[in-house]
Every structure is written in C-alpha cells, then in structure tokens.
Amino acid sequence: MTDHATDNDTGKWDITIASARGRLSIDVKELWRYRDLLSMFVKKDIITVYKQTILGPIWFLLQPVFTTFIYVVIFGNVAKISTGSIPPVLFYLGSVTMWNYFSETLNVTSKTFSENASVFGKVYFPRLILPLSKVVSGLVKLMIQFGLFLVFWLYYLLVKHSITPNWYMLSFPLILLVLALLSLSFGIIITSLTTKYRDLTFLIAFGVQLMMYATPVIYPISIASPDKQFWLWLNPLTSLFEAFKFSFLGEGVFSLYWLGYSAAFTMVMLMIGVFIFNKVEKRFIDTV
Amino acid sequence: MSKEVVIKAEHISKQYRLGQVGTGTLSHDLKRWWALARGKEDPYLKVGVENDRTRKATSEYAWAVRDISFEICQGDTIGIIGKNGAGKSTLLKLLSRVTSPTQGEIKIKGRIASLLEVGTGFHPELTGRENIYMNGAILGMTKKEITRKFDEIVDFAGVAMYIDTPVKRYSSGMYVRLAFGVAAHLEPEILIVDEVLAVGDAEFQKKCLGKMNDVASHGRTIIFVSHNMQAVQGLCKSAMYLKSGKVVDIGPTDKVINNYLSREVKNCLERKWNLDDDAPGNDKIKLLSAEIILDSTEDGAVIDVNTAFDIRFGFHNNVENQMVNLSFFLYTASGICVFNVGTVAQRLTKGHHSSTLRIPAKLLNDDVYTINLFFVKDTASVLYKTEDLLTFEVVDGQRDVAWYGKWPGAVRPALDFTVS
C-alpha cells in the first residue's frame, strides 16, 4: 500500500483519504464534533418508537412487565427456581431490565453496517456515532424501565420490608458502564465480521439466547454447585448481574475480583472491536 | 495568481470485484491474506479490466477509477463529466469518504460536505422540523448552525405551514425542496454535488442553481457531477472529463465539453461501399453511400439542435426505366419512429443516382437518432431496405431559459407560438 506519510506537507492537510488500514484508536475529537448528530440519532430512536401512539413512552414499560410476568409464572411457579429471600417479581424485573438492555444493544449494534448501508453509502460521518447512539438510546430506555423497577423496589423496601439494599448501590453507574461497553464491543465486532460474509448472523440470535442461560439472569449464582460456579464467573456478565442484585436486593455476590476481570475483559474486547471496526468501516460499502 | 490547493489526489485507483460474494470470494480473500502475510503484493491488484460495461468482463475485478491525479484550488467550481461508467460516481464516493481508494491517497483541506443524494437520513415519521435537524446533523452541521439557518431553510423550501407535520405526509415536491433546502444551507469549504438538479420543477431548479452560484461566489469550492452539459456549463468554470476510470481532459469548461462531445458521441455519419464488391442490395438496386453533411466544415463540429444538415444517399439502379422512390425513416435511440418521408416516384435510368434530404435547424430534439432507408418499386413493393444505416447524436444547444432539464419529446420544432 502507498504511504506518503513522510511528505513534508502532511501538517497542513485536514483529511487524508487512503486505503483501508486498521487503527487501534478512536478519533475522539471528530466524535466530539459530531456530538449533535449523536443526540439527534438518540432522539430519533426514542421518539419514533411511540409516534402515533396515545400512551407514548409508557409502552417502553410494557415489555419488562410482560417478560417479568412470564418469568414469574414459568421459572418461579412452574420450574420453581429459587430466588432466595428476594421476592420473585423484584428479582425478575431487575434482571430482565438489565438483560434486555444488554441483548437489545448487542442486537442493534451488531447490525450497524447492514442496516445503515444506504445512509453510509451516501454521506460520511464517523461510523462509530451510530452504534454509540444505540448504546445511549438504550440507556434512556433502560432509565425509564429502571424507574418502574424502583417503584416496585421502594414498595418492597418501605412497605413490605423484605429486602436489604446496601451502599454498594453506588457502584451501579459503573456496572452499567461496563455492561454498555461490553454490548457495544460485541456488537461492533459482529457487525464488522458480517459485512462480507453473513454466515455469522444466523448464529447471533441463538448465541444471545444461550448467553442468557449462562448468565445469572433467571437464577441466582448460588444455586449452581461451587465447581460449576467458576465456569459461570468466567462469563463477564455474571459479576455484573450478581453485583447488581447484591447491592439493590441484598442477596448475591459482590466480587471485586470478578468485577475487575469483567472490566478488563471488556476493555480488551473494546480494543479488538474498535480495531476491526476502523478497518471495516472504510471499505464495507463495497461488499455489504 | 497562486491559489491554495484544497484537494490533492495522488494516483488514486479503485478496484471493484465483479459477481457475487460467496465461497469463491473467500478463497480469493485467503490467497490475498496469505500473500500479504508473506510480505508480498496483493495478487489481485495486478489483474482487473477497464470498466467497459458493454463488453462481458474477462476478469473478476474491474477498475472503476485507475491512477487519477489532480489538484483543485480554493474557489474552483469544477464539473466532472463522462459517460455512464466513466468513474464519476466512484470518484465522488472517494472524495466524500464513503469508501476508500484501493491505492493512492487524497488530501483535503477544510470542511467537506457531500450531496450524493438529497434527504439522506430523512425519517418519514419525524416532522419537517425534526428532519431539518436530523439531516443537517448528518451532513455535518452543529445544532447551533442549524438553528441559525432554520428560518432560511424553511423559507427556501416553502413549507412553513407543514413544518410540524411528519414528512411522510408531504408531497414529493415538498419533500425534495425541504431536503435540498437543508443541503443548500450547508456552509462547508468544499461542496460535492451529484446530479441533484435532476429533481424538482423548473422554478426549483433555478433556485438551486442560484443558490449554488451563490455558494461559489463566496469563494467556496464546488465539485459538480452531471450528465447535463447545460448545467455544467452554467455552473462550472472548469471541468474534468473522465473515461473508463481515467482523466482524459481537464481545463476550461467549454474546451473540455467540446472535447467530450466530439469523442463520446458515437456517430456513424458516413458509410461507403463498392459497387462490385460489398455494396448492400440486390440485382435490381444497390446502395453505394450514405452520409451526413454538415454545413460547417470545421473539424470536430457536432450537430446541435440549432444545426441544419443534409443526409445524402448514393445508389445504383440496375434496371432501366425502373419506377423507384426512396422512403426515409428516422428513429430515436429508444426506437420511436419520429417521421417517415418519401421522394416522389420516378423512372430512373440505369446507373448512379443520388438523393439528398435536408433536415432543417430547430427540428430535432437532443437525442441519438438512427436512419432506416427503403427503396420502393412502383410505389407498392419494397425493392430493398436497410436498417440502422446511420447513427448520429444531436446535442443540446445554448438555451435562453434558466431550466436545464432534459427537453421532452422526439422533436423540438421551432413553431410559431405567441402570446398577444
């Protein structure tokens, strides 16, 4: 490939367009310049969902309520999976809210290139803006759903006195950040790998489902035998879900060791993701 | 006068793979990867054919753009012209960073905005107001800039009444006007425009061109791609002529356009045969020649809508006292018969004869025309007929209207049409 980087006039050019090469860096300055676009994308994601509806954003609450109801019936009453001392409704509502955020963000970011090819084919903007906007609009949705969780939580805390939260709750934003970055990393890796060869897309829905069962979403980790627990902990999502449950609901495991592992795992995945995303974004339009 | 160079393209090439992506592509990818891993050159960069869409490809790779270098200075308005498949759109895509070149690099100074399509990112469910912000942001404007321009955009598009209605309820004209309105109020240092003028009515086209002229007069650089020589001539000071992915000519617009027309118009203006050898016909009549004769003898002269010319046929009559007349058919490239005209039937002596048809100025439209010729005996039976005898293109001439769209119709006669 050509490389004229040694030209003495490189300093005066704003943009250099050359053949695709992977970079392990994010052009933060450029992303910042396009921050208004990010907020527009987020706004679009949120408001187009409830355009022409009467209840508006309340529809965001329906999904976790239904899922929780089904889980309480199937896993709680039929399969009789123990949720310890935590009321099943609260247990499932919390997990479902968190899990939906992860799986939906992963799902939509993993289609970044294929679903936005028409826009990407016509105009340039930092491609990373799009998956980032999905992470943020997912967060907005999560916050609305989390509000519902808090209502139930306060009810069980103040009226029923059946849960004992603790100050580890303050770690929630960090847990959320790791969760968001992890889904983003998986998403951009998958979308980069599936622009040319789409084979992998057939496995994603299946993989995400499988991953839910490998994560303590519908069960607490304590129901697994100690030697199996180790394998569960290797799943970077496990420590996040356990820490969330421990801090808000009083039962679970808050393991700094495994949280550190999850954070490190996420950073490595993010680096890999950014590297191949940068490489693919320059050329994908030719092969998508 | 030394102007600053704002775009510098150095030996840029773009290769595309033909055919479908599948298992075969994977084996190529693996070979390529293996070659690069050993530090060798990409084996598929050596192959590839010129981009000629009429021929069947002989290679699986084609070069849409091959080894182009050019410089564009600040304040230039440059038109890029060429036939379909010449690499215009690929070059635009490279310049607007939608895809990256296979080889070479482009350096750009200043903010660049590209309009390869109007209304990119418009969402039908969003209102006009929301879409202005959305579209503006996609094109690289900040919220503040859009707010500052908002009233101007709405005014330009003429949709003030519908600004809070979802754009899915807009008429297509309103939609396009709003979309172009946003684009027209971009303030980049470099603006790349692809044939957006093809949309909208005459009044709107006038508005768009006016706006672009306005942009150009503020010292900004415009790169404009079009099939429409009228628009290029009206808007651009210089032009670049691409053919099969290469730059053929670059310079002042008039010169480049003339060069383009004289090279690309595939005219078949003259055909001659030998009586004893290859002359088409039969034992009763043989065609000897067919040619189009322009009044101007200047080299490289083209037929435009304001040119009058003669079509002359030479033939050999082989039967003494045969009652013959010629029947002339003019077809457009799309196969519509424009007219059929015949000579008066007359008895001809045995020997060579010639026949001339005068096509007046301001009769034909800008189009490609072909000629069929029939020889008719006794005004009843066809003696001999030839098809696609000659092909010629009539190009558009200088117009005195501010509308640059394709003139409709098979003919464009200058009829007496007045208002009193």
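A, B, ... follow the sequence lines: proteins, then strands. Residue 1 opens every chain. None of the values given here were measured: they were computed from a predicted structure.
- Interface remark: A/L38 contributes no atoms to any contact with chain B (heavy atom separation under 4.5 Å).
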Item checked: Working for ring pair (Phe, Tyr, Trp, His ring centres under 6.0 Å), residues A/F113 and A/F277 -> CA-CA 10 Å; A/F113 285 130; A/F277 190 87; 4.9 Å; yes
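- Contact of B/Y16 with chain A is made through the side chain alone, with heavy-atom distances under 4.5 Å.
- Of the listed residues (B/K144, B/M141, B/E130), the greatest number of heavy-atom pairs within a distance under 4.5 Å of chain A belongs to B/E130.
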Margin query: Quick one, A/T97 with A/L148, criterion side-chain contact (heavy atoms from CB on, under 4.5 Å). Give me CA distance, side-chain angles, the key distance, then yes/no.
Written below: CA-CA 10 Å; A/T97 304; A/L148 179 76; over 6 Å; no
Item checked: Intermediate values then yes/no, side-chain contact (heavy atoms from CB on, under 4.5 Å), A/T67 and A/W99 -> CA-CA 11 Å; A/T67 317; A/W99 177 259; over 6 Å; no
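- Chosen from A/L37, A/N116, A/I47, the residue pairing most often with chain B at heavy-atom distances under 4.5 Å is A/L37.
- Donor-acceptor pairing under 3.5 Å is lacking for the side chains of B/Y162 and B/T127.
- Between chain A and the residues B/H123, B/M134, B/R97, the most heavy-atom pairs under 4.5 angstrom are made by B/R97.
- Formation of a donor-acceptor pair under 3.5 Å by the B/T221 side chain with backbone atoms of B/G75 is found in this model.
- Contact count versus chain A (heavy atoms, under 4.5 Å) is highest, among B/L139, B/L92, B/I138, B/T142, for B/I138.
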Check: Yes or no on side-chain contact (heavy atoms from CB on, under 4.5 Å) for B/E10 and B/K107, after CA distance, side-chain angles and deciding distance?
Finding: CA-CA 8 Å; B/E10 292 172 328; B/K107 292 172 188 163; 4.0 Å; yes
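- Heavy atoms closer than 4.5 Å to chain A are found nowhere in B/S13, neither backbone nor side chain.
- Within the 4.5 angstrom heavy-atom criterion, only side-chain atoms of B/K93, from C-beta onward, approach chain A.
- Of the atoms belonging to B/L94, it is backbone heavy atoms, and not side-chain ones, that fall under 4.5 Å from chain A.
- With a 4.5 Å cut-off on non-hydrogen atoms, B/S96 touches chain A through its backbone but not through its side chain.
- Under a 4.0 Å N-O distance rule, the pair B/K246/B/D67 does not qualify as a salt bridge.
- For B/L95, the part sitting under 4.5 Å from any heavy atom of chain A is the backbone (N, CA, C, O) and nothing else.
- Geometrically, A/R127 engages A/F125 in a cation-pi contact defined by less than 6.0 Å to the ring centre and at most 45° from the axis.
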